[in-house]
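One structure, pasted below without further comment.
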There are 2 protein chains.
Amino acid sequence: MALPVELSCKSEYALLALVELSANHANHEPMQIRQIATQQNIPDRYLEQLLATLRRAGLVRSQRGARGGYLLARSPWQITLYDVVSCIEGFDTQGEPRDTPETSEGLVITEVWQEVRQAAEAVLQKYTLQDLLERCHAKQQVDIMYYI
Amino acid sequence: MALPVELSCKSEYALLALVELSANHANHEPMQIRQIATQQNIPDRYLEQLLATLRRAGLVRSQRGARGGYLLARSPWQITLYDVVSCIEGFDTQGEPRDTPETSEGLVITEVWQEVRQAAEAVLQKYTLQDLLERCHAKQQVDIMYYI
DNA sequence: TTATACCCCGGTTCCCCGGTCGGGTTTGCA
DNA sequence: TGCAAACCCGACCGGGGAACCGGGGTATAA
């Protein structure tokens, strides 16, 4: 009965990696796991699993062999945060019937649960990787100005 | 770094119990744990712990001894679902410093995380126990009409 | 052909949720 | 005063998932 709106460390790692790939999207060269991992300070073997999940979900493409690595499958503005989080957290694949509440109290609560979930998802839907990237650049600008 | 918007089974139990207490709020007699547990099909020893948490948070009052039990500390329309979930899930007490992201990417993501959290909390804020109770009654009416 | 880098699968450690149990202490009532 | 009803407290446990680590296999560019 738990509501799957868990923005775990897992999702954050995935987003960090994808932001990194977004920044690298202009030149069409793949980035290696190690590169991303050291850049964003993520355990590389763990990141490998996350990237595999993202690949199976069709968000990134991989290139094997020497000089291989990962590429964004679509452009940064075509990937929403919801796309990322939902595939990592796996909460569009689980259309499980759940334990039916039966009582009217239980039904009412699950209705509210749904509403909470939708509110959370709406926020994730409205941001794309491009948005994150731009907000990063803006923040760095502020840092520079503050430094001067 | 996980975002604490977890509507677990725990919170649902707590809400079910509080709805039960809300329905019983008119006559100022306490309800026993066993009563609530059997009514809402919750393991009683587990419910006991949840009610203790709710009591420490000041949402319910307890009356000890024979003919004792639990009472709502405030009126049903004065208790929001946020009050309940936050105290059960314990996510206003944990103002832990978290691991600071340092990188601008990390900061941007935590900002989005905050926004998601606030969206979810806003939904929980706008409903009170009274609302749940009324929606329950409405649903039961529909059931009766459907039965006829 | 060989180094590189992805791919697959399994195991481990840790923590928390859901749930149970035993043994208190407090209180109402006869 | 004594008993029983009810709350209070802490320990414990099984299961599952998060976060990781390793080993070995496979494709590919140089």
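Values in this document were obtained by computation on a predicted structure and should not be read as measured data.
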> Under 3.5 Å, is there a donor-acceptor pair between the B/S11 and B/E89 side chains?
Replying inline: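 Checked: B/S11/B/E89 side chains pair up, N/O donor to acceptor below 3.5 Å.
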>> Treating primed atoms plus P, OP1 and OP2 as sugar-phosphate and everything else as base, which nucleotides of nucleotides 25-30 of chain C get B, S or - for protein heavy atoms under 4.0 Å?
In response: BSBS--
>> Quick check: closest heavy atoms across A/M31 and A/L21, and the distance to 0.1 Å?
In response: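 Smallest heavy-atom distance, with atoms named: CB-CD2, 3.8 Å.
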> Sequence neighbours excluded, which residues qualify as side chain to side chain donor-acceptor pair (under 3.5 Å) partners of A/E134?
Replying inline: A/Q130
>> Determine whether B/N41 and B/L16 satisfy the following criterion, side chain to side chain contact (heavy atoms under 4.5 Å, CB included), listing intermediate values before the conclusion.
In response: CA-CA 10 Å; B/N41 206 34; B/L16 286 172; over 6 Å; no
> Given C/dG19, is OP1 or OP2 found less than 4.0 Å from the side-chain N or O atoms of B/Y13?
Replying inline: yes
>> Based on the rotation axes of five pairs at each end, what angle does the helix from C/dT1-D/dA30 to C/dA30-D/dT1 bend through, to 10°?
In response: 10°
> Could you give all pairs that pass the salt bridge (charged side-chain N to carboxylate O under 4.0 Å, His left out) test and reach residues 36-47 of chain B, with sequence neighbours left out?
Replying inline: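 Listed once each, the pairs are B/R34-B/D44, B/R45-B/E48.
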> Should B/K126 and B/E121 be marked as a salt bridge (charged side-chain N to carboxylate O under 4.0 Å, His left out) after you check the CA-CA gap, both sets of side-chain angles, and the distance that decides it?
Replying inline: CA-CA 9 Å; B/K126 80 173 179 187; B/E121 288 181 2; over 6 Å; no
> Can you check the A/Y70 OH to D/dA27 C1' distance for me, whole Å?
Replying inline: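 The distance from OH of A/Y70 to C1' of D/dA27 comes to 13 Å, rounded to the nearest Å.
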>> Show, in sequence, the C-alpha distance, side-chain angles and deciding distance for B/L18 and B/V84, and conclude whether the side chain to side chain contact (heavy atoms under 4.5 Å, CB included) test is met.
In response: CA-CA 9 Å; B/L18 289 180; B/V84 180; 3.4 Å; yes
> Can you find a side chain N or O atom of A/K10 that sits less than 4.0 Å from OP1 or OP2 on D/dA18?
Replying inline: yes
> For D/dA6, does either OP1 or OP2 sit under 4.0 Å from a side-chain N or O belonging to B/S62?
Replying inline: no
Show me the donor-acceptor pairs, under 3.5 Å and distance only, between side chains in residues 49-72 of chain A and residues at least two apart or in other chains.
from  : atom 1 : to    : atom 2 : distance (Å)
A/T53 : OG1    : A/Q49 : O      : 3.1

> Does a side chain donor of either A/Q40 or A/Y13 reach within less than 3.5 Å of an acceptor in the other side chain?
Replying inline: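 No, no side-chain donor-acceptor pair sits under 3.5 Å.
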>> I need the CG-P distance between B/L71 and D/dA6, as an integer number of Å.
In response: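 Taking atom P of D/dA6 as the reference, CG of B/L71 is at 14 Å.
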>> Heavy atoms within less than 4.0 Å of DNA chain D: which residues of residues 32-58 of chain A have one? Give them sorted by number.
In response: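 Of all residues in residues 32-58 of chain A, the ones placing a heavy atom under 4.0 Å from DNA chain D are A/P43, A/R45, A/Y46, A/Q49.
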> B/S104 and side chain to side chain donor-acceptor pair (under 3.5 Å): which partner among A/K139, A/R135, A/Q141, A/Q140?
Replying inline: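 Answer after filtering A/K139, A/R135, A/Q141, A/Q140: A/Q140.
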> Rounding to a whole Å, what distance do you find between A/L16:CG and D/dA19:P?
Replying inline: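 After rounding, the gap between these two atoms is 13 Å.
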>> Quick check: closest heavy atoms across B/K10 and B/I88, and the distance to 0.1 Å?
In response: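 Smallest interatomic distance, heavy atoms only, reads CG-CG2, 4.0 Å.
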